[in-house]
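Beneath this line is the structure, given in structure tokens, with notes to follow.
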Amino acid sequence: VKLTLDIYSPLKNVYKKSPVILYVHGGSWVYGDKSLPEVLTPVLDTFREQGYTIISTSYELMRNKEDFNKQVCDVKDTIRWIYKNADTYNFDTNEIGMIGFSSGAHLSLMAAYSPNDDFTDDTFLSSYPSKVKYLVDFAGPTDLSLLNTTNLNFDLNKVFSSIRNRESVINRFNPINYVSQDDPDTLIIHSKSDKIVPFESAEKLYEKCQDANSNAEFIVLNNSGHDLSGISSDDIIAISK
């Protein structure tokens with residue numbers, strides 16, 4: 001599958017080299033695309049006004065069977081692509097951050113927390129680093145065992161039914177299993193009203209980060225849904241701060 005990314009250049013030239021924010025979309029690993037969501041665009045445009053480059057990437061969506069490995073590789077290869085093309089696009093590779101939503105947050109956590117040489121796919125990018133400075137996790141699954149996989153729709157049911165060794169997959173693709181003191185700074189944002197990814201998922205990640213002395217902050221939302229629908233003014237203020 002041909003994969004592409006979109007580059008949203010800085011609206012103002014503030015820095016000699018532009019900091020980069022990489023956006024990774026959600027969609028339950030089987031849906032979605034790299035177009036920026038309407039709720040996030042004003043925030044990202046504010047960063048562009050301050051000299052940041054926004055990159056929105058794609059990854060190979062699952063069709064009929066589970067393939068977390070390919071998706072994590074695709075996201076990590078995007079980071080490696082940023083390093084490879086830093087001079088061409090004037091990227092500051094010391095200032096790379098990630099924002100992931102839902103399943104995109106899961107893939108971002110996996111890409112950011114796993115060892116540099118783990119999860120490689122494109123051989124032309126494998127020699128480049130995959131290190132990022134910080135990560136924003138919006139409602140990401142951090143422990144796959146917490147997900148309710150009953151009553152799934154047709155596409156998701158085919159994917160999860162294809163898993164033969166559940167424990168092996170959970171062990172390999174649980175972000176909480178990769179938490180260490182060397183992880184990038186992490187901002188966790190999750191709503192207590194989330195009906196898709198349990199709030200406990202965020203709690204477990206934050207506890208793991210604390211235990212490992214990894215730098216993490218936790219913003220608890222009270223009223224918004226998984227997709228930030230119905231978000232209250234209090235929750236918007238909490239995120240903005």
Please walk me through it: do Val24 and Phe138 pass side-chain contact (heavy atoms from CB on, under 4.5 Å)? CA-CA 10 Å; Val24 184; Phe138 268 98; over 6 Å; no
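- Taking the six-membered ring for Trp and the full ring otherwise, the centers of Tyr52 and Phe47 sit less than 6.0 Å from each other.
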So Phe154 and Phe160, ring pair (Phe, Tyr, Trp, His ring centres under 6.0 Å) or not? Walk me through it. CA-CA 10 Å; Phe154 180 75; Phe160 280 93; over 10 Å; no
Under the ring pair (Phe, Tyr, Trp, His ring centres under 6.0 Å) rule, what do His106 and Phe173 come out as? Steps first, then yes or no, please. CA-CA 9 Å; His106 166 263; Phe173 299 104; 7.5 Å; no
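- No close placement of the Tyr178 and Tyr113 rings is indicated, their centers lying 6.0 Å or farther apart.
- With a 4.5 Å cut-off on side-chain heavy atoms, Glu66 and Val169 count as touching.
- The side-chain heavy atoms of Leu22 and Thr57, taken from C-beta on, include a pair separated by under 4.5 Å.
- Salt bridge status for Asp77 with Arg80: present, with a side-chain N to carboxylate O gap under 4.0 Å.
- The backbone N or O of Ser130 sits less than 3.5 Å from a side-chain atom of Asn116, completing a donor-acceptor pair.
- A distance below 6.0 Å separates the ring centres of His25 and Tyr59.
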Go through the steps for Asp121 and Lys70 under the test salt bridge (charged side-chain N to carboxylate O under 4.0 Å, His left out), then give the verdict. CA-CA 8 Å; Asp121 184 28; Lys70 180 67 171 72; 3.3 Å; yes
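- Just one residue in the list Leu107, Val72, Asp74 forms a side-chain contact (heavy atoms from CB on, under 4.5 Å) with Phe119, and that residue is Val72.
- Separation of the Trp81 and Phe124 ring centroids does not fall under the 6.0 Å cut-off.
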